[in-house]
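To start, the structure itself, in structure tokens.
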Amino acid sequence: MTQPSFLDLIGSGPDGWGPALAAGALMTILIALAGYAIGMVFGALGAWAKIAGGPVARGVAGTYTTVLRGIPDLLVIYLFYFGGSTVISAFGHLFGASGFISFPGFLAGALAVGVTSGAQQTEVFRGAYKAVHTGELEAAIACGMPPFLRFRRIIAPLTLRYALPGMGNVWQIVLKESALVSITGVVELLRQSQIGAGSTGRPFDFYFIAAMIYLAISTLSGALLQFSEKRFTRGVRRG
């Protein structure tokens, strides 16, 4: 029997895996977006704790960033998936359920990627805040601007502006980390490529296709982040 061509593999015909790979790519993007959003929350809280928190808050934030930046990302996913499954199974046994109840793979992966990227975003936000010129804050205080208004109109916009380049780098890392979530059973792009490679006996073709899709997503999202950075800093660049 004639082997399907490379174009047949990426098409939507009888031998095509195009729709399945597209669904896997969409799942990859969803995991990355969910993990990145969760990471922004953890990053903002961690940065606040390190900048304005008390000794306990600073200690917790410091421990958080040290531990999460020192543990392999794959191990963090394992801990969330199997730890969550253990907790759910224990609760299930209390109500008469039997056997092992698995934690949802998507949720475990998004949380793991989120808390991991949050440790990186903590340092991004903290560095961006320190880049805000003290003269602007002193001027706002001299004008009698209350703390919340000062945060909303000066601190938050300027911090976000200075954080954008670092946030773009974190997004690229999160996008690649999303491939690790396949160990929880989520059929994202890498897992779908593994299925296709095993079914057709053409691993190079499928992994090459996956690499090109990852590169396309990374390039497009990188261009969007660069556009956002230029738009957000328009009119405020210093010579």
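Position 1 is the first residue of the sequence, and the numbers go up from there.
- Nearest heavy-atom pair across Val181 and Gly105 is CG1-O, 4.0 Å.
- A distance of 10.5 Å separates CG in Leu149 from SG in Cys143, rounded to the nearest 0.5 Å.
- Here Gln121 contributes atom CD and Arg126 contributes atom CZ; the two are 14.5 Å apart, rounded to the nearest 0.5 Å.
- Across Ser193 and Leu21, no two heavy atoms sit closer than the pair OG-CD2, 3.9 Å.
- Pairs of residues two or more places apart, or lying in two chains, never qualify as ring-ring contact (aromatic ring centres under 6.0 Å, His included) while including a residue from residues 105-128.
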Scan the side chains in residues 69-79 for donor-acceptor partners under 3.5 Å anywhere in the protein, sequence neighbours excluded, and list what turns up.
none

**Message:** Using side chain to side chain contact (heavy atoms under 4.5 Å, CB included), reason through Ile10 and Leu7 one step at a time and then give a plain yes or no.
**Reply:** CA-CA 5 Å; Ile10 61 177; Leu7 293 178; 4.1 Å; yes
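- The shortest non-hydrogen separation linking Ala140 to Ile154 is CB-CD1, 3.3 Å.
- Of all heavy-atom pairs spanning Lys50 and Ala61, the tightest one is CG-CB, 3.7 Å.
- Side-chain atoms of Ser89 never come within 3.5 Å of backbone atoms of Thr86 as a donor-acceptor pair (strictly under, hydrogens ignored).
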**Message:** Run Phe80 and Leu107 through side chain to side chain contact (heavy atoms under 4.5 Å, CB included) and show every step you take.
**Reply:** CA-CA 9 Å; Phe80 268 88; Leu107 182 57; over 6 Å; no
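- Under a 3.5 Å cut-off, the side chain of Tyr64 and the backbone N or O of Ala119 do form a donor-acceptor pair.
- Leu26 and Val187 fall within a single hydrophobic cluster, where Ile, Leu, Val, Met, Phe, Trp and Tyr are joined by side-chain heavy atoms under 4.5 Å apart, directly or via other members.
- Taking each heavy atom of Val115 and Ala112 in turn, the nearest pair found is CG2-O, 3.4 Å.
- The CG atom of Leu190 sits 4.5 Å away from atom CD of Gln194, with the distance rounded to the nearest 0.5 Å.
- For the side chain to side chain contact (heavy atoms under 4.5 Å, CB included) test, residues two or more places apart in sequence or in another chain that qualify with Pro203 are Ala197, Tyr207.
- Screening Ile51, Val124, Val132 against Thr159 for a side chain to side chain contact (heavy atoms under 4.5 Å, CB included) leaves a single residue, Val132.
- Rounding to the nearest 0.5 angstrom, the gap separating the CD1 atom in Ile195 from the OG1 atom in Thr200 is 11.5 Å.
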**Criterion side chain to side chain contact (heavy atoms under 4.5 Å, CB included) on Thr65 and Glu123, from CA distance to verdict** = CA-CA 8 Å; Thr65 55; Glu123 298 304 324; 3.9 Å; yes
Only pairs under 3.5 Å count here: list side-chain donor-acceptor contacts from residues 211-227, not counting sequence neighbours, and write none if there are none.
{"unit_1": "Tyr214", "atom_1": "OH", "unit_2": "Glu188", "atom_2": "OE1", "d": "3.3"}
{"unit_1": "Ser218", "atom_1": "OG", "unit_2": "Gln172", "atom_2": "OE1", "d": "2.5"}
{"unit_1": "Thr219", "atom_1": "OG1", "unit_2": "Leu215", "atom_2": "O", "d": "2.7"}
{"unit_1": "Ser221", "atom_1": "OG", "unit_2": "Trp171", "atom_2": "NE1", "d": "2.9"}
{"unit_1": "Ser221", "atom_1": "OG", "unit_2": "Ile217", "atom_2": "O", "d": "2.7"}
{"unit_1": "Ser221", "atom_1": "OG", "unit_2": "Ser218", "atom_2": "O", "d": "3.1"}

**Pair Ser199-Trp17, side chain to side chain contact (heavy atoms under 4.5 Å, CB included): steps then yes or no** = CA-CA 11 Å; Ser199 299; Trp17 287 75; 3.7 Å; yes
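- The shortest side-chain heavy-atom distance between Met27 and Leu189 does not fall under the 4.5 Å cut-off.
- With sequence neighbours excluded, no residue forms a salt bridge (charged side-chain N to carboxylate O under 4.0 Å, His left out) with Arg191.
- We find the OG1-CD distance between Thr116 and Glu177 to be 6.0 Å, quoted to the nearest 0.5 Å.
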Output a table of donor-acceptor pairs, distance under 3.5 Å, between side-chain atoms of residues 33-40 and any protein atom two or more places apart or on a different chain; print 'none' if there are none.
{"unit_1": "Tyr36", "atom_1": "OH", "unit_2": "Met167", "atom_2": "O", "d": "2.9"}

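- No single ILVMFWY cluster, assembled from side-chain heavy atoms under 4.5 Å apart, contains both Ile183 and Ile173.
- The hydrophobic cluster containing Leu94 also contains Val87, counting ILVMFWY residues as joined when their side-chain heavy atoms lie under 4.5 angstrom apart, directly or transitively.
- Placement of Phe204 and Ile209 within a single hydrophobic cluster is found when ILVMFWY residues are connected by side-chain heavy-atom separations under 4.5 Å, directly or transitively.
- Other residues, nucleotides and ligands contribute only 12 or fewer heavy atoms inside 6.0 Å of the CZ atom of Phe42.
- Closest non-hydrogen pair, Ile88 versus Pro104, comes out as CD1-CD, 4.4 Å.
- Connection of Leu45 to Ile155 is not established within any shared hydrophobic cluster, with ILVMFWY side chains joined at heavy-atom distances below 4.5 Å, either directly or through further cluster members.
- Put simply, CZ on Phe82 and OG1 on Thr184 are 9.5 Å apart, with the number rounded to the nearest 0.5 Å.
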